[in-house]
Amino acid sequence: MRGVDRKTAVVSGGATIIGEAVVHAFARAGANVVIADIDVEGGSRVADQFDDRVRFVATDLRDDASCEGCIASAVEAYGALNLLVNLAAVYVDDGFDSSRQDWLESFNVNVVGGVMMLKAARPHMQRAGGGAVVNFGSISGKVAQTGRWLYPVSKAAILQLTRNEAMDLAPDGIRVNSVSPGWTWSRVMAELSGNDRAHTDAVGGAFHLFGRVADPEEIARAVLFLCSEEATFITGADLAVDGGYSAMGPERAEPAIPLLAKEERPQ
Ligand SMILES: NC(=O)c1ccc[n+]([C@@H]2O[C@H](COP(=O)([O-])OP(=O)(O)OC[C@H]3O[C@@H](n4cnc5c(N)ncnc54)[C@H](O)[C@@H]3O)[C@@H](O)[C@H]2O)c1
């Protein structure tokens, strides 16, 4: 992908399956990558697959000094900072019963964490003559899902935040976009399904026009595209990488109008 080679990217949440795919995509495209994650074991495991063009920096997005330290060490290691992917998230969510503390934790990581990373990154992107940011939304930020309040609301906030950031950072030549994945093969899917991809596709496939969930690499390619020179006039946009999930309505992908015909009417 044009324009990513020799750039430096910070990827939060690079320690598990989707984040790891993003790290691989950027490294393959010739970028230097800093993995910013609270998971020391997972982050180190991913970084160890590469030479010193990929580094892990233990980072807690709930802590301003930690965010600033991560960005500073990326610049120290590679001399500049051009790209930021705010992928890390927490799924803490007890719906209606969630406590204030749970709400604050969800927003602290999912929304505010990415903002603080951007605040730390902005001066370096300005110095580099611009940059690109990709925030992670979700299909969950666009529809209601039973029993889930915190995560979907935080993801909806990210879609609005992306527009605000895009507007105010455009004068710096910084583009800000989001991706909204559908169900994606990921740590959560692997854990819940007992590492059974076929079962995950069988359950999640009904909600996506391709009859399966996404591969993490499919999300990673969209992130890479938005950071590349193929996307120089795209900012403030949300890219649905959801296999048609959000194109489908309650009628699903089934002919509903014929059900009105008398002969179809249940007796
Ligand atoms: N899995 C899906 O199907 C799906 C669908 C739509 C959107 N998404 C989005 O994709 C992204 C990745 O999701 P995932 O399912 O791979 O999640 P995951 O839980 O596997 O990974 C999240 C990462 O964030 C890190 N993290 C959590 N708290 C942190 C903190 N305080 N500081 C730094 N890092 C922290 C975790 O250690 C982990 O590595 C998220 O933004 C999620 O909303 C996922």
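Counting starts at 1 for both ligands and their atoms, in listed order.
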| Side-chain donor-acceptor contact under 3.5 Å, Thr200 with Ser193 | yes
| said: Assess, by modelled atom type and distance only, whether the side chains of Ser246 and Asp242 contain a donor and an acceptor separated by less than 3.5 Å. | reply: yes
Top protein contact for [atom], by heavy-atom distance:
atom                    : value
atom 15 (O) of ligand 1 : Tyr91 OH, 2.6 Å
atom 30 (C) of ligand 1 : Leu61 N, 3.7 Å
atom 29 (C) of ligand 1 : Ile38 CG2, 3.7 Å
atom 42 (C) of ligand 1 : Tyr151 OH, 3.3 Å
atom 3 (O) of ligand 1  : Thr184 N, 2.8 Å
atom 39 (O) of ligand 1 : Asp37 OD2, 2.7 Å
atom 11 (C) of ligand 1 : Leu87 O, 3.3 Å
atom 33 (C) of ligand 1 : Thr59 O, 3.2 Å

Atoms of ligand 1 less than 4.0 Å from [X] heavy atoms?
X      : result
Ser186 : 1 (N), 2 (C), 15 (O)
Gly182 : 3 (O), 5 (C), 6 (C)
Asp39  : 37 (O)
Arg187 : 18 (P), 19 (O), 20 (O)
Arg62  : 31 (N)
Ser138 : 6 (C), 7 (C)
Gly137 : 7 (C)
Asp60  : 30 (C), 31 (N), 32 (N)

| task | Would you kindly specify which portion of Ala89 sits under 4.0 Å from ligand 1, judged on non-hydrogen atoms: side chain, backbone, both or neither? | result |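 The part of Ala89 near ligand 1 is both the backbone and the side chain.
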| message | Side chain, backbone, both or neither: which applies to Val90 and ligand 1 if a contact is any heavy-atom pair less than 4.0 Å apart? | response | side chain
| request: Report the distance from atom CG of Leu159 to atom CG of Asp238, rounding to the nearest 0.5 Å. | output: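 Leu159 CG to Asp238 CG: 5.0 Å, rounded to 0.5 Å.
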| request: Calculate, to the nearest 0.5 Å, the distance between atoms SG and CZ belonging to Cys70 and Phe56 respectively. | output: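 So the gap between those two atoms works out to 9.0 Å.
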Heavy-atom distance under 4.5 Å between the side chains of [X] and [Y], does that happen here?
X      : Y      : value
Val133 : Asn177 : no
Asp102 : Ser99  : yes
Gln101 : Asn108 : no
Asn110 : Phe136 : no

| request: Would you name the heavy atoms of Ala25 and Ala220 that are closest together and state the gap between them? | output: CB-CB, 3.9 Å
| said: In this structure, does ligand 1 have an atom that sits under 4.0 Å from one of the heavy atoms of Ser180? | reply: no
| query | Once the angle between the rings of Tyr245 and His208 is folded into 0 to 90°, is it parallel (under 30°), tilted (30 to 60°) or perpendicular (over 60°)? | reply |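 Geometry flag for His208 against Tyr245: tilted rings.
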| field | Pi-cation contact, Tyr78 with Arg55 (under 6.0 Å, within 45°) | value |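 Yes, a cation-pi geometry holds between Arg55 and Tyr78.
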| request: Return each pair, listed once, that meets ring-ring contact (aromatic ring centres under 6.0 Å, His included) where at least one residue sits in residues 8-44; pairs must be two or more places apart or across chains. | output: His24-Phe50
